[in-house]
Q: 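Attaching a single structure in structure tokens format; questions to follow.
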Amino acid sequence: MNVYDSEQMALILGQDYELTERAEDADLYLINTCSIRRKSEEKVLSLLGRLKTLKQERPQMLLGVGGCVAQQEGARLLHKVPHLDLVFGTQGVYRLPELLRRRRETNRRLVDTAFSPELPNICGQSLPGALQKFVTIMQGCDNYCTYCVVPYVRGPERSRPVADIVREVEVFLGQGGREVTLLGQNVNSYGRGLAGEITFPALLGRLAELPGLARLRFTTSHPRDLSEELIRGFAELPPLCEHIHLPVQSGANQILARMHRGYRREDYLERVSRLREACPGIALSTDLIVGFPGETESDFQDTLRLMQEAAFDGAFFFKYSPRPQTAAAAFPDQVPESVKTERLARLKEVQEQLSLASNQRLLGEVREVLVEGFSKLENTQLSGRLRSNHVVNFDGPQELIGQMVRVRIKRAYLHSLGALLCED
Ligand code: SF4
């Protein structure tokens with residue numbers, strides 16, 4: 001979502017600014033922030049500290065902080081960082097031109113963390129030449145999981161009108177785009193509160209019909225709200241890629257209840273079986289938190305067991321980090337940092353085995369790749385993703401970038417696959 005918001009900032013300000021790679025050339029320096037964990041918040045302050053010298057050398061350069069840390073901290077950030085010009089919250093993105101004009105005209109440092117009950121008017125343009133695009137379909141969340149800061153910094157759940165989403169995707173496809181990822185904190189509840197009945201699977205159905213859309217993905221999906229209609233979509237909608245990110249967070253029922261997740265491990269595993277029945281070979285990724293308050297060794301082992309049972313193809317895992325305003329931050333039985341670190345290492349080991357096994361299962365298969373560019377590691381090789389979201393690198397001519405090609409999988413590594421381009 002932050003990648004999308006940063007792209008929107010670049011587009012909204014495109015009339016007055018162009019992007020530069022060099023901070024020393026910048027007239028405007030915006031930092032888009034995340035507050036999902038304390039560490040990301042600390043990084044913002046440390047970056048702002050390092051920018052003090054640049055700001056002294058270039059006093060005309062405007063320095064702004066946007067996103068979730070800005071939303072959470074508001075005016076406190078201006079007090080902490082005297083060389084900061086502007087703090088704009090998660091909805092302030094769309095008011096940036098006006099905020100910058102006011103900053104220049106009044107010479108007053110500004111804070112804008114206002115929330116409107118409506119979704120902001122998302123401009124929805126695309127960067128020229130892009131193959132892939134994120135499209136916001138909803139913002140905010142009403143779930144209040146006890147560890148999560150999102151409802152406080154992104155506000156209540158609001159869905160974007162279908163017509164706006166379809167128009168944004170159509171324009172992108174008209175410019176040569178191929179792959180769309182729909183974004184929302186809980187995409188499954190898309191449509192609640194919109195005039196006229198529309199569900200998330202129905203929205204997928206509308207988009208899947210658009211000519212030129214090769215791949216359709218979405219994130220994030222709440223396991224509690226994963227409907228049978230959505231599961232069937234994986235079998236019935238050709239552009240919908242065979243990959244789902246389904247954050248489980250913990251494999252222990254007492255922890256899931258304290259997290260306020262609204263499902264048990266049995267419910268989660270049952271949904272995983274349904275997905276695999278409806279769409280054999282679907283790749284499954286997840287998010288996991290270790291060291292949530294009250295997590296015992298036996299709870300943690302339940303998580304390790306669930307990982308094996310679900311056979312996750314990939315996972316993002318984090319140490320629990322208390323966040324301001326959230327219920328779990330005040331829970332008395334916080335887990336010591338050393339225990340969190342040790343559990344994280346064990347969890348990583350299990351996931352590495354599962355990820356490698358997932359890659360190995362593809363050996364010998366011929367699969368379709370959307371060629372995205374050059375490999376990050378070996379920049380003479382081309383790189384892309386399978387529909388299942390596995391990363392694959394292979395030799396081929398640069399002209400293939402942007403095209404869909406077929407490759408045979410030859411090598412399986414921990415984080416990627418090696419392949420040979422098929423001749424036909
Ligand atoms: S559903 Fe996701 S975004 Fe919403 S509160 Fe829970 S973890 Fe946070």
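First listed ligand is number 1; within each ligand, the first listed atom is number 1.
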Q: Would you compute the distance between atom CG of Leu78 and atom CG of Leu110 and round it to the nearest 0.5 angstrom?
A: 8.0 Å
Q: For the pair Arg38 and Glu41, find out whether any cationic side-chain nitrogen is under 4.0 Å from an anionic carboxylate oxygen.
A: no
Q: Looking at Phe331, I'd like to know if the NZ or CZ of Arg258 sits under 6.0 Å from its six-membered ring centre while staying within 45 degrees of the ring's axis.
A: yes
Q: Counting heavy atoms only, which part of Cys145 comes closer than 4.0 Å to ligand 1: side chain, backbone, both or neither?
A: both
Q: How close does the nearest protein non-hydrogen atom get to atom 7 (S) of ligand 1, and which residue and atom is it?
A: Tyr147 OH, 3.3 Å
Q: Can you tell whether the side chains of Arg103 and Asp85 come within less than 4.0 Å, N to carboxylate O?
A: yes
Q: Could you list which atoms of ligand 1 come closer than 4.0 Å to a heavy atom of Pro151?
A: 5 (S)
Q: One residue to check: Tyr144. Relative to ligand 1, which of side chain, backbone, both or neither has a non-hydrogen atom less than 4.0 Å away?
A: backbone
Q: How about His245 and Phe218: are their ring centres within less than 6.0 Å of each other?
A: no
Q: Taking 4.0 angstrom as the limit, do Glu242 and Arg217 come out as a salt bridge?
A: no
Q: Which protein heavy atom lies closest to atom 4 (Fe) of ligand 1, and at what distance to 0.1 Å?
A: Cys141 SG, 2.3 Å
Q: To which of Arg224, Arg154, Gln249, Arg261 does the heavy atom nearest atom 2 (Fe) of ligand 1 belong?
A: Arg261
Q: Among all the protein's non-hydrogen atoms, which is closest to atom 1 (S) of ligand 1, and how far away is it?
A: Asn143 ND2, 3.3 Å
Q: Indicate whether the side chain of Ser285 and that of Asp313 have a donor and an acceptor atom separated by less than 3.5 Å.
A: no
Q: With no hydrogens and no angle check, just 3.5 Å: does a side-chain donor-acceptor pair link Lys319 and Thr341?
A: yes
Q: Which of the numbered atoms in ligand 1 are under 4.0 angstrom from any heavy atom belonging to Gln185?
A: 3 (S)
Q: Of the side chain and backbone of Pro247, name the one, both, or neither that has a heavy atom under 4.0 Å from an atom of ligand 1.
A: neither
Q: Any idea which atoms of ligand 1 are less than 4.0 Å away from a heavy-atom of His222?
A: 1 (S)
Q: Can you report which non-hydrogen protein atom sits closest to atom 8 (Fe) of ligand 1, along with the distance?
A: Cys148 SG, 2.3 Å
